[in-house]
2 protein chains.
Amino acid sequence: MNEMRPIRAKSGTNQEGTSAHNRRVMIDALRLNGQLSRADLARATKLTKQTVSNIIEDLEQDGLVVSLAAVRNGRGQPSTPYRLVPDGAFAIGLQIDRHVTRAIAVDLVGTVLVRAQANLPPGGPAHGAKVILDLIEHTRTELAGIADQAEKRLVGLGVAMPGPFGLAIDHDDPWMMAAWQNFPLLETLAAGTGLEVALQNDASACATAERMVGAAHGIDHAVCLYIGYGIGAGLILNGELYAGGNGNAGEIGMVLLPPSARRPAQASLEHRASLASLYQHLGADPAEPGLHERLNVLVNKDDPAVASWIDDAAEELRWGVQLIETIFDPQTVILCSSGPEILTRKLFEAIPPLLPSIADRPDRSAPRLQLGMTDPWSVALGAAAEPISRAFDPRFSAILKTRANAIG
Amino acid sequence: MNEMRPIRAKSGTNQEGTSAHNRRVMIDALRLNGQLSRADLARATKLTKQTVSNIIEDLEQDGLVVSLAAVRNGRGQPSTPYRLVPDGAFAIGLQIDRHVTRAIAVDLVGTVLVRAQANLPPGGPAHGAKVILDLIEHTRTELAGIADQAEKRLVGLGVAMPGPFGLAIDHDDPWMMAAWQNFPLLETLAAGTGLEVALQNDASACATAERMVGAAHGIDHAVCLYIGYGIGAGLILNGELYAGGNGNAGEIGMVLLPPSARRPAQASLEHRASLASLYQHLGADPAEPGLHERLNVLVNKDDPAVASWIDDAAEELRWGVQLIETIFDPQTVILCSSGPEILTRKLFEAIPPLLPSIADRPDRSAPRLQLGMTDPWSVALGAAAEPISRAFDPRFSAILKTRANAIG
DNA sequence: GAAATAAGTCAATGCAATTGACTTAATGAA
DNA sequence: TTCATTAAGTCAATTGCATTGACTTATTTC
C-alpha cells in the first residue's frame, strides 16, 4: 500500500500484555483492599486460582508482595493473605513552583520517605536547572541511605509544575514560569538523572496524590479543585488521570466569566479565588520570605482582610464546585490547596451551602465536597505518585504493544 | 478471608481478551483508514503478519471484511487491501424526545438504512411504551427486508433521551420526560426486543454519531456542544465516550452562571441558548405541529425575533465554547443541534470571534470550532452508533473478563 | 535475465491462562 | 472420636493465540 500517508491505528496486544495487566490488577487489588488471599484475588479478578497463584508467586519473587500469617475463616483450609511490600518500588516527585522547588521520595504504597526543598533563584531555567538536578540528586542519595536497593527499584521521576503547557506566551514574571515551559525540562531531567520523566500540572498532581493515598483512593470519578498560586482541577475519570488533548484539561482558573456578567472583559475564576488573588488582596509580595507562615498567623487570628477574601473566594468556589459537578458528574469533589492548612479548612467551611446540581441525587454515597490533603507538599507527593501509578496501576495503555517484533 | 465485605478489584484478562482486542483493533483501523492490506495492518498494530493474517481470515469468514483487487505498489508482491463490509453488522437507534420518537437502523459503517418516526402521546411511558416498541418492531422489519441476515447480525439497541438521569424530580411537563426516567425503560425494551439495550443522553448520542461518521472521526479528544430542547456537551475523551459517574457528565446547560453575574439566582446557560429558550422567545408552543418547518421558514426570511435570539444565544455559546476548551482541552469543539439546519448554521456563523483560551495554541491542526451534522436525526443516528461502537471499537472494558470460570 | 524487495503462507514453537484431579487443613455433625 | 463437608491452594497436562523463521509468490530495478 501507499507508504506515504501514515496509518492511524491502535496497537494490538499479546500474552505479554495479558500478563502485565493481570499483575497490575493484583497490585491494584492489594492496594485497594489492604490484604487478600490468593482465593480472594481469584474471585475478585475473575481469574483462576492457579493463575493467581502463579502471578502472586512471581510478585513475591520480585519483592512486591509478602504473605502474612495464615488466618482461619471457618471451614476449610486457612487462607494466607498477601499485602504489598512498601519497599517494592520507589519514585521521586519534583514540584517546581515560582520561587521554590520541592522533591519527595515515596515508596510503593505512597509513604513519603524523603523531603527536600530548595529556593529557585530568579532567572528561570538558566539558573534553576542545576538547583533542581542537585535537589533530585540529594533526594536520591538520602533515599538510598534509608532504603535498600532503592536505586534498583526506582521506577521514575514525576514532575509537577503550574500549567498551562504549550501556549504562546507574551508576558512573563521574574520567576519566568513561562521560560520554564519553553525549556526542554523533561529532556534535561531525563538526561541528568537517567530516569523516566513525566510531567503534569499541579492540580493533576494533587489528584494523583489524592488517588493514591487520599480521598480519591479507590474512587473512579473524582475531581480535585486545587487552589494554588492559580486554580485548577485535577481529573480522575474512569479511574485514570485525564489530561486532555494537550495536557491542559482542568485549567478551570482560566474559565472566563460569562459575557453577561458585566465584569471587566475576560475576568476569570482565578482572579478572585487563587492564592495569587489573596496575595494581591493583602498587598503581599508572593516571593516574600516566610509568607506562608505569616499567612498562617493571619488566618489564625481571623484577620479581617483574610476573612473578607475567604468570603469572596468561597462564593466563587461554590460556583466552581457546581460547575465541576455539572460538567464531570464525579462521585465527589475534593478541595485541595497549597496554602496553609487552616486557610484551606476555613475556605472549605465557608463554601457550603452547595448550589443545586446534578450531584444532588438521592443515591449518593460520598459527600459532594470533601477536604483533601492540606499538606503543601501534596503536589510534590502527587508528582512522585505518578511514576508509581504508571508502573503499577491497571490501565488500557499498559496492555498495548509498544514495539513491533523482529520478524513481522 | 472475610467474605462479608466486598472486595474491590478490576477484572483480569486472558487470551480471549487479547484476541477480542486485536479483532477490534483491526476493525477500528479499517474504519479509520478505509482500506488496508494485511501488511499495513501488521505495521500499524505492531502485530506480526501472521497474526494479522489469521485475524483477517477470521473476520472475512465472519463477513465483517472483504478483500479488494490487489494493488501494485512498486517492488514486491502486490498487496491485497481489505475493507469493512457494511452489512457485517447492524444496530438500531432510538431517540425519545418530548413529543416525538425516532428510530434508525444503521450498518457497520454507519450508513442509515431505515428511518421511522412516531408521535409520542402525552401521558408518559404509560402510553408511550407501546408506541416505541411498535416503532422499533417496524424498523426491524424494514431492515430485515433490505438487508440479508440483518436479524442475525443485529448487535443491539441504543437509546438516546434527554438527561439528566437519576435525579429526584419535583416538577414535570405534559410529556412527562421525568416520568420516563423513573420508568424501567431499558428493562422494558430489552424484554420487548430481546436485544442488548444501552442508554445515553442526547448530547452524548450526538458525539457518538460524530465519532463514527462525522467531524470527530478518528479524533481522540473532542467535545460536541449540542443544542436541543436543552443544552449539553457530548464528551469524547481518550477516544471513548465519557459519561461520568452517573451518566450525566456534560450537562453543561445546567451550569449556573457565577454569583457575581448579578443575574436572577440560578440562571443557567440553558435559559438563553437552547431551543426551549428560542420557543419561549418566539412565544411558540414546543408541541406545536410543524414547528420545525415554521422555524425553518422564519430563519430563512431573517425574522428579527429569531435574529435577536441568535445574537444572544451566540454570545452565550461563545462563552460555552471557551468553557469547554478550558476544561476539557479537546482537539476540537463540534457544534450540533436538533434544530433546523439553517438555524444551526447561522448560530455557528454568529459565534466567532472565539474568546481567548488554552485552545488558542500555535500548533493546532483541527479548527477550534466546527459545524457538526445538522440533521435532526443525528441523535437517533448516535443512538444507533452506540451498539456498533460497543461491539467493535477497541476499549479497555472489552479485554476484561466478565465472568469467572467454572473450576476457579 | 538476475537481484532486490515486499506481501503473504506454512509449520513449529512459546507462553500464560485454564482445566480437572488432588492435597491440605480447618469446621461441624454424628 | 470419627467422618463428611468446605475451602485454600498445588500439580501436571492442556488449550489457544501470538510468535518465529523459513519459504513462496509477485513485482520492480538494474
Side-chain angles (χ1 to χ4, degrees), chain A residues 1-3 11-26 35-60 67-82 399-401 403-408, chain B residues 1-3 11-26 35-60 67-82 399-401 403-408:
Chain A
M1 307 277 345
N2 189 346
E3 195 62 66
S11 270
T13 186
N14 56 16
Q15 296 191 99
E16 272 181 65
T18 300
S19 171
H21 171 73
N22 288 345
R23 279 176 64 111
R24 284 167 182 255
V25 165
M26 300 293 156
Q35 53 185 64
L36 295 172
S37 69
R38 301 183 184 200
D40 287 332
L41 284 165
R43 277 186 296 264
T45 62
K46 302 196 170 79
L47 294 167
T48 58
K49 284 188 298 183
Q50 187 56 54
T51 300
V52 171
S53 253
N54 294 338
I55 294 173
I56 289 294
E57 193 184 337
D58 254 39
L59 292 175
E60 193 166 19
S67 60
L68 304 169
V71 296
R72 287 185 288 262
N73 351 263
R75 279 194 181 180
Q77 179 172 327
S79 59
T80 311
Y82 286 77
I399 71 155
L400 305 181
K401 293 189 67 174
R403 54 178 181 211
N405 299 74
I407 303 283
Chain B
M1 304 281 340
N2 189 347
E3 195 64 62
S11 269
T13 186
N14 56 16
Q15 295 190 100
E16 272 182 66
T18 300
S19 172
H21 171 73
N22 288 346
R23 280 176 64 112
R24 284 167 182 255
V25 165
M26 300 293 156
Q35 54 185 63
L36 295 172
S37 70
R38 301 183 182 199
D40 287 332
L41 284 165
R43 277 186 296 263
T45 62
K46 302 197 172 78
L47 295 167
T48 58
K49 282 188 299 181
Q50 187 57 55
T51 300
V52 171
S53 253
N54 294 338
I55 294 174
I56 289 292
E57 195 185 335
D58 253 39
L59 293 175
E60 195 167 17
S67 60
L68 304 169
V71 295
R72 288 186 289 263
N73 351 262
R75 277 194 183 180
Q77 178 171 332
S79 58
T80 310
Y82 285 78
I399 70 156
L400 306 181
K401 293 190 68 174
R403 52 175 183 215
N405 297 74
I407 304 285

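Residue numbers begin at 1 in each chain, while the letters A, B, ... track the order of the sequences.
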TODO: Would you tell me if any nitrogen or oxygen in the side chain of B:Thr80 comes within less than 4.0 Å of OP1 or OP2 on C:dG8?
DONE: yes
Open item on the list: Closest-nucleotide mapping onto DNA chain C: is B:Gly76 or A:Thr51 further toward the 5' terminus? I mean the 5' end.
Closed with: B:Gly76
- [ ] Verify, without hydrogens or angle tests, whether B:Asn22 (side chain) and A:Thr13 (backbone) share a donor-acceptor contact under 3.5 angstrom.
- [x] yes
Task: Nearest listed nucleotide, side chain of A:Arg75, among C:dG28, D:dT25, C:dA17 - done: C:dG28
- [ ] Take atom NZ of B:Lys46 and atom P of D:dT19, then tell me their distance rounded to the nearest Å.
- [x] 13 Å
Task: Donor-acceptor pair present, A:Glu16 side chain and C:dG14 base, under 3.5 Å - done: no
TODO: Figure out the NE2/P separation between B:His21 and D:dG16, and round it to whole Å.
DONE: 21 Å
Open item on the list: From C-beta outward on B:Gln50, which listed nucleotide comes closest to its side chain: C:dA16, D:dA26, D:dT20?
Closed with: D:dT20
Task: Exam field: side chain B:Lys49 to backbone B:Ala39, donor-acceptor pair closer than 3.5 Å - done: no
Task: Residues A:Ser37 and A:Asp40: side-chain donor-acceptor under 3.5 angstrom - done: yes
Task: Main-chain N/O of A:Ser67 paired to A:Thr80 side chain as donor or acceptor, under 3.5 Å - done: no
Task: Phosphate contact (C:dA16 OP1 or OP2) by A:Thr18 side-chain N/O below 4.0 Å - done: no
- [ ] Grab the CG-P distance between A:Asn73 and D:dG9 for me, whole Å please.
- [x] 9 Å
Open item on the list: If the cut-off is 4.0 Å, is B:Asn54 near the phosphate of D:dC17, judged by side-chain N/O to OP1 or OP2?
Closed with: no
Open item on the list: Which nucleotide wins on minimum distance to the side chain of A:Ala39, given the candidates C:dA26, D:dT15, D:dG9?
Closed with: D:dG9
Task: Short side-chain N/O contact to D:dT10 OP1/OP2 from A:Arg38, under 4.0 Å - done: yes
- [ ] Using only side-chain N and O atoms of A:Arg43, determine if any of them is under 4.0 Å from OP1 or OP2 of D:dA8.
- [x] yes
TODO: Send over the distance from A:Glu57 CD to D:dA8 C1', rounded to a whole Å.
DONE: 16 Å
Task: Separation of D:dA18 P from B:Asn14 CG (nearest whole Å) - done: 12 Å
Open item on the list: I want to check one thing: is the phosphate of C:dA17, taken as OP1 and OP2, less than 4.0 Å away from some side-chain N or O of A:Asn22?
Closed with: yes
TODO: In whole angstrom, give the distance that lies between atom CD1 of A:Ile55 and atom C1' of D:dG9.
DONE: 15 Å
TODO: Verify the contact: side-chain N or O of B:Ser79 to OP1 or OP2 of C:dA6, cut-off strictly under 4.0 Å; return yes or no.
DONE: no
- [ ] Measure from CD1 on A:Ile399 to P on C:dA16 and round the result to the nearest Å.
- [x] 16 Å
- [ ] Take atom CG of B:Leu68 and atom C1' of C:dA7, then tell me their distance rounded to the nearest Å.
- [x] 16 Å
- [ ] Report yes if at least one side-chain N or O of A:Ser37 is closer than 4.0 Å to OP1 or OP2 of D:dG9; otherwise report no.
- [x] yes
Task: Phosphate OP1/OP2 of C:dT18: any A:Thr48 side-chain N/O under 4.0 Å - done: yes
- [ ] Would you check if the side chain of B:Lys401 reaches a backbone N or O of B:Gly12 as a donor-acceptor pair within less than 3.5 Å?
- [x] no
Task: Pair B:Glu16-B:Ile399, side chain to side chain contact (heavy atoms under 4.5 Å, CB included): steps then yes or no - done: CA-CA 8 Å; B:Glu16 272 182 66; B:Ile399 70 156; over 6 Å; no
- [ ] Taking only the side-chain nitrogens and oxygens of A:Ser53, find out if one of them lies under 4.0 Å from OP1 or OP2 of D:dG9.
- [x] no
TODO: Output yes when at least one side-chain N/O atom of B:Lys49 is less than 4.0 Å from OP1 or OP2 of D:dG21, else no.
DONE: no
- [ ] Would you indicate which nucleotide in D:dT27, C:dT18, C:dA26 comes nearest to any side-chain atom of A:Arg72?
- [x] C:dA26
